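The structure appears right after this line, and notes come after that.
Fair warning: this is a prediction, and the values are worked out from it, not measured in the lab.
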Amino acid sequence: MEHHFVGIPELTDVPPVAVVIDVMRAFTVAAWAFSRGVERIVLASTESEALALKESRSGWLALKDGAPAAGFDAVNSPGLLRSRDFAGRTLVQKTTAGTVGALAVANAPLVLCASFVVAGPTARFLQNEDSGPVTFVVTGEGGQADEDLACAEYIGQRMAGDDVEAAPYLHRARTSRAAADLAGGLRSGFHPDDVDLCLEIDRFPFAMVARREESLTVLRPVPVPDLPPPARGSG
């Protein structure tokens, strides 16, 4: 199956199936937010829009890249998010790359957002949908971020068969520029565990599907069960 791997600047047409990858850190953070009880994530195009959406709806929260700022309730760090309680809340997310990529393909018939922590469920979801070729949107570094490309390639291989060794893909991500920047404290809004948390393969049992709801692009978790083991004596 011939998948396509593109950066945000290379998107010219609306693909039939898009998987938007941001390993460090937007879609690792989104998965952690869902695990901490968030009901849905609304993707915003600007920080101003994120704050406006938050202020217009009672109980909504807002999250951004970088250092904490007035009006925002959280930052784009899995380490700083993992102990929070967001039960039943709506979170508005604006990041530098991940949310930009998702909004760029928001009109595609099927859009998933992914990182290593939901890679296996994402692949199984696409298998179940019999989706055909996928356009993987590699959001970091103009489409050159090795951690995002490694994750995209891993999901593509998992779609072809579950017997895929994750270690080489995780090694590429761990030795990427983004991982070095995070480990070196060069990105604000950072927790020392962020790199490790971004590289936990299949930590969560759901895929994350983005759909248009009214005028908003909304990300929700979709549980994806493990494939049952083959019956004894089959084959």
Side-chain angles (χ1 to χ4, degrees), residues 3-34 38-57 60-66 69 71-78 81 89-115 117-118 122 125-126 131 134-145 147-149 151-152 155 178 187 189 206-222:
H3 301 305
H4 306 285
F5 302 86
V6 301
I8 297 171
E10 300 169 283
L11 287 167
T12 54
D13 301 317
V14 177
V17 181
V19 177
V20 187
I21 308 291
D22 191 327
V23 171
M24 298 185 186
R25 293 165 282 176
F27 297 138
T28 300
V29 164
W32 269 99
F34 287 131
V38 164
E39 181 178 313
R40 63 177 183 168
I41 295 175
V42 176
L43 305 180
S45 59
T46 65
E47 291 183 10
S48 296
E49 181 190 14
L51 290 177
L53 285 168
K54 172 192 168 178
E55 294 304 319
S56 67
R57 271 82 166 183
W60 283 23
L61 305 172
L63 176 151
K64 65 180 282 292
D65 261 340
F72 286 91
D73 306 279
V75 295
N76 194 42
S77 161
L81 204 72
R89 306 297 286 272
T90 293
L91 182 66
V92 183
Q93 185 182 31
K94 167 65 179 87
T95 70
T96 305
T99 59
V100 175
L103 291 170
V105 293
N107 291 324
L110 178 60
V111 180
L112 287 87
C113 297
S115 61
V117 296
V118 292
T122 301
F125 180 95
L126 292 163
S131 65
V134 172
T135 296
F136 288 96
V137 183
V138 178
T139 61
E141 298 177 30
Q144 302 302 309
E147 74 281 2
D148 292 341
L149 188 57
C151 183
I155 293 171
R187 299 188 183 188
F206 52 78
M208 301 188 295
V209 179
R211 295 188 175 95
R212 296 290 291 174
E213 296 185 14
E214 299 178 353
S215 61
L216 303 175
T217 300
V218 178
L219 191 62
R220 294 182 184 271
V222 177

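The aromatic rings of F5 and F136 sit parallel to each other, their planes meeting at less than 30°, with 60° as the upper class boundary.
Shown are V118, V111, V117, I41; of these, the side-chain contact (heavy atoms from CB on, under 4.5 Å) with M208 is made only by V118. Applying the side-chain contact (heavy atoms from CB on, under 4.5 Å) test between V209 and each of V218, V222, T122, L219 identifies V222 as the sole match.
Residues forming a side-chain contact (heavy atoms from CB on, under 4.5 Å) with A69 (at least two apart in sequence, or on another chain): K64, F72. With sequence neighbours left out, the side-chain contact (heavy atoms from CB on, under 4.5 Å) criterion links T217 to L43, L103, A106, A210, R212. The salt bridge (charged side-chain N to carboxylate O under 4.0 Å, His left out) test applied to R220 returns E213, not counting sequence neighbours. Residues that satisfy the side-chain contact (heavy atoms from CB on, under 4.5 Å) test with A145, not counting sequence neighbours, are E141, E147, D148.
Shortest non-hydrogen contact noted between Q93 and A30 is OE1-CB, 4.2 Å. Shown here for F27 and A114, the closest heavy-atom pair between the two residues is CB-O, 3.6 Å. Between V29 and S77, the closest heavy-atom pair is CG2-N, 3.5 Å. Contact detail for A62 and G71: the closest heavy-atom pair is CB-O, 4.3 Å. A33 and L91 make their closest contact through CB-CD2, 4.0 Å (heavy atoms, listed as atom of the first residue, atom of the second, distance). The nearest pair of heavy atoms linking I8 to A104 is CG2-CB, 4.5 Å.
Applying the salt bridge (charged side-chain N to carboxylate O under 4.0 Å, His left out) test to every pair with at least one member in residues 44-57, sequence neighbours left out, gives these pairs: K54-D73.
Side-chain contact check for L81 versus L63: some heavy-atom pair is nearer than 4.5 Å.
Residue E10 places its CD atom among more than 12 non-hydrogen atoms of other residues, nucleotides or ligands, all under 6.0 Å distant.
Atom CZ of R40 and atom CG of L216 lie 7.0 Å apart (nearest 0.5 Å).
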(message) Applying side chain to side chain contact (heavy atoms under 4.5 Å, CB included) to L110 and F125, what does each step give before you reach the verdict?
(response) CA-CA 11 Å; L110 178 60; F125 180 95; 4.0 Å; yes
(message) For T95 and T139: C-alpha separation, side-chain torsions, deciding distance, then whether side chain to side chain contact (heavy atoms under 4.5 Å, CB included) applies.
(response) CA-CA 11 Å; T95 70; T139 61; over 6 Å; no
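Although no hydrogens or angles enter the test, the distance criterion places no donor-acceptor pair under 3.5 Å between the side chain of T135 and the main chain of H4.
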Show me the side-chain donor-acceptor pairs of residues 15-25 shorter than 3.5 Å, one per line, residues at least two apart or across chains.
| residue | atom | partner | partner atom | Å |
| --- | --- | --- | --- | --- |
| D22 | OD1 | M24 | N | 3.4 |
| D22 | OD1 | R25 | N | 3.1 |
| D22 | OD1 | A26 | N | 3.4 |
| D22 | OD2 | G98 | N | 2.9 |
| R25 | NE | N76 | O | 3.2 |
| R25 | NH1 | N76 | O | 3.2 |
| R25 | NH1 | G189 | O | 2.9 |
| R25 | NH1 | D194 | OD2 | 3.0 |

